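Read through the structure below, which is laid out as structure tokens, and then see the notes.
The structure displayed is predicted, hence computed values, not measured ones. Atom set for the values below is all heavy atoms of this structure, side chains included, hydrogens, waters and symmetry mates excluded. In what follows, every chain begins at residue 1, and chains take the letters A, B, ... in the order their sequences are listed.
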Amino acid sequence: MTEPTSVKTNFIRQIIDEDLRTGKCTQVATRFPPEPNGYLHLGHVKSVYLNFGIAEDYQGNCNLRFDDTNPHKESMQFVESIMEDVRWLGFYLGERIYYASDYFERLYEFALELIDQGLAYVDDLTSEEIREYRGTLTKPGRESPYRNRTPTENRDLFQRMRNGEYLSGTKVLRAKIDMESPNINLRDPVLYRIRHEVVHHQTKANWCLYPTYDYTHPLSDALEGISHSLCTLEFEDHRPLYDWVLEHIRVPHRPQQIEFARLNMEYTILSKRKLTQLVENGIVEDWDDPRMPTVAGLRRRGYTPTALRTFAHRIGVTKSDSIVELSMLENCLREDLDAHAPRRMVVLNPLKLIIDNYPKEQVEYLDAPNHPKDKTLGTRKLPYGREIYIDKADFCEQAPKNYKRLILGGEVRLRNSYVVRCDTIVKDDQGEIQELHCCYDPETLGKNPVGRKVKGVIHWVAASHAIPMEIRLYERLFATATLESSKNIPKNKNSKDNNSKDEDNPLIANLNPDSLIVLTQALGEPSLATTQPEARFQFEREGYFIRDKLFGPEGRPVFNRAVTLRDTWAKIKTP
RNA sequence: UGGGGUGUAGCCAAGUGGUAAGGCACCAGGUUUUGAUCCUGGCAUACCGAGGUUCGAAUCCUCGCACCCCAGCCA
């Protein structure tokens with residue numbers, strides 16, 4: 001795997017180094033624990049890279065573990081996409097694929113252990129009552145009237161909960177910790193709840209009793225022998241509970257939780273809940289829409305595993321909140337594709353150019369290198385004839401200062417071909433330019449003309465051999481760098497509900513109307529006809545593109561723009 | 001106003017008492033048959049603020065300030 005080579009330390013690696021040095025830990029083991037309720041996104045890439053990267057560098061293991069304790073939102077589709085995405089990113093999974101649900105039986109036994117010690121009890125309070133009893137951030141909570149049931153009674157009740165004798169939501173198992181704790185997570189957190197109406201994607205109908213994350217996670221880590229359990233900052237408050245569970249249950253191993261800051265990016269959202277809304281409300285095509293920050297979306301957009309890994313490497317790992325600029329990500333892709341993507345010529349908005357001094361019906365085949373620096377990528381043949389197409393943006397009647405492209409009476413180099421001079425412009429009744437008449441200099445193939453300097457170079461395709469293509473130009477999905485008031489987004493994921501209007505939902509209100517522009521008139525050089533889906537190219541002077549899996553009208557190949565080339569001219573032109 | 005965290009350049013981020021790495025972005029110049037790439041140079045007298053300790057402080061102490069997270073039977 002091509003890899004960012006420079007070693008980069010971070011506070012987590014420093015903790016591991018210290019643990020190894022003191023002997024607190026002898027074998028490094030990490031885990032990547034997604035819940036299969038959505039697709040992996042850039043934030044997960046950071047986590048995958050961290051966890052698998054550490055395992056690799058310390059000769060340890062990293063388990064993929066599906067945190068599947070809430071069947072309500074989970075599905076096999078997500079399980080499969082997650083495995084596919086992790087593998088595509090270039091991490092080897094082997095046999096190390098686990099499910100928290102594999103441990104349900106052990107977890108149940110552990111719960112009995114807590115009950116027997118008087119450290120857990122079955123509570124009959126409703127969820128509303130539990131909330132009331134919990135108190136607030138500033139007021140302590142009150143103890144449930146069921147809190148002092150005996151272990152024997154609790155054992156019996158818990159058994160019956162498992163047996164399906166109670167309705168969903170009527171009883172829960174709670175840890176008996178401290179209702180007055182300033183840390184709300186310690187105010188007798190729920191350990192188990194009853195869910196009858198869903199079939200779990202792994203355990204099917206075997207259980208109606210489901211453990212919560214806070215209870216499941218430390219125990220799963222312990223059972224798998226995880227040494228360092230890395231999670232995001234919002235779980236920092238949960239660490240005392242993580243430790244409480246491990247202290248009061250006889251486990252074979254004692255893992256430690258370390259928290260790091262989750263990834264935030266400009267102009268994008270990295271929350272599975274919100275991404276789910278985009279998909280379910282049809283704002284994007286699907287989870288793999290090229291505008292989505294999902295691994296599947298980035299892949300279809302044209303990103304490479306290397307670019308994503310490089311990105312994860314460069315942003316680092318800390319505990320401070322941050323918002324990473326898009327240019328950081330884009331640069332990682334440009335770097336990879338500049339080195340590896342074959343070059344091609346495609347005219348996005350065609351304008352016909354007729355070379356009057358070139359014989360009618362004649363076609364010659366010019367050699368064009370596939371890469372300006374990497375000769376191992378070979379060459380291809382480019383047909384050249386009397387009629388060609390250039391891009392409308394490469395000709396200008398009233399050229400601004402420093403314009404290097406084609407103007408009336410001016411010369412320009414056709415990339416990989418001859419120098420041409422524009423002699424006349426043909427317009428239609430509306431004054432729109434129809435075609436350009438030029439003459440070419442036969443002495444300029446592979447060499448510069450003598451006595452004059454031709455600065456501009458433009459791309460082109462031969463009219464006789466051009467293939468029609470559909471080009472999709474993608475931009476950021478959102479028009480604003482951050483979605484302020486994003487907290488107002490309704491938590492209900494089926495948000496097309498009640499009286500909420502689209503303008504009220506920042507997700508919709510901040511959409512970039514130009515996030516997708518489809519060009520249906522584009523023309524490409526003939527070699528592009530035989531490309532496979534996922535083949536990536538640089539279309540010279542335009543950007544990096546990837547062949548999509550879909551076809552446009554009349555079977556046209558579709559290419560997605562992954563990222564533009566850096567464009568200093570655009571900056572000069574429109575400062 | 002309870003608890004838990006975080007503050008180093010426009011954005012990431014090293015730095016762990018010895019005088020502010022690196023990347024992205026940006027600016028200037030050079031090369032160039034991609035206004036790309038590449039190359040060269042520039043870009044924090046200063047680390048949230050104010051005091052203090054010290055020969056010496058981004059690093060230690062004190063007091064402030066700002067921002068983030070937590071009141072799901074979600075994770």
Side-chain angles (χ1 to χ4, degrees), chain A residues 6 8-10 14 33-35 37 67 69-70 72-73 123 125-127 130-132 134-141 168-174 181-187 189-195 210 212-214 216-217 231-240 259 261 266 272-273 310 313-332 334-335 338-339 343 345 371-373 402-405 412-419 444 446-448 454-459 491 538-543 564-573:
Chain A
S6 59
K8 194 166 183 177
T9 189
N10 59 50
Q14 287 172 356
E35 184 189 11
N37 65 346
D67 219 329
T69 57
N70 183 9
H72 185 67
K73 302 187 291 180
D123 197 348
L125 254 31
T126 64
S127 55
I130 287 180
R131 194 190 324 128
E132 278 170 38
R134 186 154 36 224
T136 69
L137 294 177
T138 48
K139 286 189 195 67
S168 295
T170 54
K171 279 180 167 54
V172 292
L173 184 75
R174 291 230 253 170
S181 172
N183 181 345
I184 291 189
N185 296 302
L186 261 21
R187 318 239 262 233
V190 170
L191 267 24
Y192 272 93
R193 70 284 214 190
I194 300 170
R195 287 288 109 98
Y210 292 98
T212 57
Y213 167 87
D214 283 321
T216 309
H217 212 87
C231 64
T232 44
L233 248 31
E234 65 270 27
F235 293 104
E236 211 151 16
D237 288 344
H238 296 238
R239 192 171 59 224
E259 311 84 11
E266 282 183 341
K272 261 197 272 185
R273 208 189 79 236
T310 302
H313 181 78
R314 288 189 185 164
I315 56 175
V317 179
T318 68
K319 295 188 72 161
S320 54
D321 293 313
S322 60
I323 301 175
V324 177
E325 290 180 349
L326 238 34
S327 63
M328 191 81 101
L329 211 213
E330 292 178 339
N331 182 263
C332 293
R334 287 198 187 102
E335 219 171 82
D338 174 60
R343 312 287 128 125
M345 292 200 288
H371 191 103
K373 290 181 181 169
N402 301 324
Y403 188 77
K404 297 203 312 198
R405 284 106 102 146
V412 76
R413 158 76 63 185
L414 295 176
R415 176 77 166 150
N416 296 312
S417 178
Y418 302 90
V419 169
T444 55
K447 54 188 182 230
N448 285 321
V454 177
K455 284 188 87 177
V457 181
I458 64 174
H459 58 284
K491 280 194 179 180
Q538 184 197 97
F539 292 169
E540 292 199 81
R541 304 208 309 128
E542 294 291 355
T564 61
L565 254 30
R566 226 186 238 107
D567 191 353
T568 49
W569 171 241
K571 268 185 269 182
I572 298 165
K573 210 170 41 173

Query raised in the report: Whole-Å distance between B:rC70 P and A:E259 CD?
Result: 14 Å
Report summary line: Regarding the side chain of A:T212, the nearest nucleotide among B:rA71, B:rU34, B:rA75 is B:rA75
Report summary line: Contacts of A:H459 meeting ring pair (Phe, Tyr, Trp, His ring centres under 6.0 Å) (sequence neighbours excluded), chain-then-number -> none
Query raised in the report: With sequence neighbours left out, what residues match A:R405 under salt bridge (Lys or Arg N to Asp or Glu O under 4.0 Å)?
Result: A:D394
Query - Distance between C1' atoms of B:rC73 and B:rC68 (Å, rounded) - result: 27 Å
Query raised in the report: Starting at CD of A:E236 and ending at P of B:rG5, how long is that distance when rounded to a whole Å?
Result: 6 Å
Query raised in the report: Contact class for A:S127 vs. all strands (heavy atom < 4.0 Å): base, sugar-phosphate, or nothing?
Result: base
Report task. Could you check if a side-chain atom of A:E259 sits within less than 4.5 angstrom of a side-chain atom of A:T232, using non-hydrogen atoms only? Result -> no
Report task. Classify the nucleic acid contact of A:Y192 as base, sugar-phosphate or nothing, counting any heavy atom under 4.0 Å across all strands shown. Result -> nothing
Query raised in the report: Think A:Q14 has a side-chain N or O under 4.0 angstrom from the OP1 or OP2 of B:rG15?
Result: yes
Report summary line: Heavy-atom contacts, protein to nucleotides 23-31 of chain B, under 4.0 Å, summarised as B (base), S (sugar-phosphate only) or - (none) per nt, yield BSSS-----
Query raised in the report: If you check the A:I315 side chain, which of B:rU1, B:rC12, B:rC74 turns out closest?
Result: B:rC12
Query raised in the report: So what does A:P33 hit on the nucleic acid, given a heavy-atom distance under 4.0 Å: a base, only sugar-phosphate, or nothing?
Result: nothing
Query raised in the report: So what does A:E540 touch, heavy atoms closer than 4.0 Å: a base, only the sugar-phosphate, or nothing?
Result: base
Query raised in the report: A:K319 NZ to B:rU8 P: how many Å, rounded?
Result: 16 Å
Query raised in the report: Within the structure shown, what part of the strands sits under 4.0 Å from A:E266 by heavy-atom distance: base, sugar-phosphate, or nothing?
Result: nothing
Query raised in the report: If pairs are Watson-Crick or G-U with both distances under 3.5 Å, what is the dot-bracket string of RNA chain B, marking crossing pairs with [ ] and pairs to another strand with |?
Result: .(((((((.[[[..)..(...]]].(((((.......))))).....[[[[[..)....]]]]])))))).....
Requested in this report: Have a look at A:D214 and say if it touches a base, only the backbone sugar-phosphate, or nothing, with a 4.0 Å heavy-atom cut-off.
Outcome: nothing
Query raised in the report: When we call it a touch if two heavy atoms are under 4.0 Å apart, what does A:T69 touch: a base, just sugar-phosphate, or nothing?
Result: sugar-phosphate
**Report entry** Within-4.5 Å side-chain heavy-atom neighbours: A:E335 and A:N331
**Finding:** yes
Query raised in the report: Looking at B:rG3, does its base get a donor-acceptor pair with the side chain of A:D237 below 3.5 Å?
Result: yes
Query raised in the report: Are A:R343 and A:D338 within salt-bridge range, i.e. N to O under 4.0 Å?
Result: yes
Query raised in the report: A:K8 has an atom NZ; how far is it from atom P of B:rG15, in whole Å?
Result: 11 Å
Report summary line: Between the CD1 atom in A:I458 and the CE atom in A:M345, the distance rounded to the nearest 0.5 Å is 10.0 Å
Report summary line: chi for B:rG49 classified (syn = within 90 degrees of 0, anti otherwise) as anti
Requested in this report: For A:Y403, answer base if it contacts any base atom (sugar-phosphate contacts may also be present), sugar-phosphate if it contacts only those atoms, and nothing otherwise; contact means non-hydrogen atoms under 4.0 Å.
Outcome: base
Report task. Tell me what A:L186 touches on the nucleic acid: a base, only sugar-phosphate, or nothing, going by heavy atoms under 4.0 Å. Result -> nothing
Query raised in the report: Taking only residues two or more places apart in sequence, or in another chain, which ones meet A:H371 in a ring pair (Phe, Tyr, Trp, His ring centres under 6.0 Å)?
Result: none
**Report entry** Reported CG-to-CG distance for the pair A:L191 and A:D123, which is rounded to 0.5 angstrom
**Finding:** 12.0 Å
Query raised in the report: Which is true for A:V324 with a 4.0 Å heavy-atom rule: it touches a base, it touches only sugar-phosphate, or it touches nothing?
Result: sugar-phosphate
Report summary line: Side-chain contact check for A:L233: nearest option of B:rG5, B:rC70, B:rC74 is B:rG5
Query - Short side-chain N/O contact to B:rC74 OP1/OP2 from A:R193, under 4.0 Å - result: yes
Query - Nearest-nucleotide pick for A:S320, side chain only, options being B:rG7, B:rC68, B:rG72 - result: B:rG7
Report summary line: Quick note, A:R239 side chain, CB onward, closest among B:rU34, B:rG5, B:rA14 is B:rG5
Requested in this report: Report the residue (A:R405 or A:N183) whose heavy-atom-nearest nucleotide on RNA chain B is the more 5′ of the two.
Outcome: A:N183
Report task. Looking at every strand, decide which applies to A:R413 at a 4.0 Å heavy-atom threshold: base, sugar-phosphate, or nothing. Result -> base
Query raised in the report: Can you find an N or O donor on one side and an acceptor on the other, under 3.5 Å apart, linking the side chain of A:E542 with the base of B:rU34?
Result: no
Query raised in the report: What does A:R195 touch in the nucleic acid at a heavy-atom separation under 4.0 angstrom: a base, only the sugar-phosphate, or nothing?
Result: base
Query raised in the report: Are any of A:R273's side-chain N or O atoms less than 4.0 Å away from OP1 or OP2 of B:rA75?
Result: no
Query raised in the report: With no angle test and no hydrogens, is the base of B:rC73 tied to the side chain of A:R174 by a donor-acceptor pair under 3.5 Å?
Result: no
Requested in this report: Please name all residues satisfying salt bridge (Lys or Arg N to Asp or Glu O under 4.0 Å) with A:R413, sequence neighbours left out, ordered by chain then number.
Outcome: none
Report task. To the nearest Å, give me how far apart CG (A:N416) and C1' (B:rA36) are. Result -> 14 Å
Query - Straight-line distance of A:K573 NZ to A:T568 OG1, nearest 0.5 Å - result: 11.0 Å
Query raised in the report: Expressed in angstrom and rounded to an integer, what is the separation of A:E234 atom CD from B:rG72 atom P?
Result: 16 Å
Requested in this report: Quick one: label A:G456 by what it contacts on the DNA or RNA (base, sugar-phosphate, nothing), any heavy atom closer than 4.0 Å.
Outcome: nothing
**Report entry** Face-to-face contact A:W569 to B:rG35 six-ring, under 5.5 Å, under 30°
**Finding:** yes
Report task. Check every strand shown and say whether A:K455 touches a base, only sugar-phosphate, or nothing at a heavy-atom separation below 4.0 Å. Result -> nothing
Query raised in the report: Would you say a side-chain N or O of A:R134 is under 4.0 Å from OP1 or OP2 of B:rC73?
Result: yes
Requested in this report: Measure the shortest side-chain to side-chain distance between A:T444 and A:Y418 over non-hydrogen atoms and say whether it is less than 4.5 angstrom.
Outcome: yes
Query raised in the report: To the nearest 0.5 Å, what is the distance between CZ (A:R174) and OG1 (A:T212)?
Result: 11.5 Å
Query raised in the report: Nearest to the side chain of A:N185 - B:rC70, B:rU33, B:rG5?
Result: B:rC70
Query - Within-4.5 Å side-chain heavy-atom neighbours: A:E35 and A:K73 - result: yes
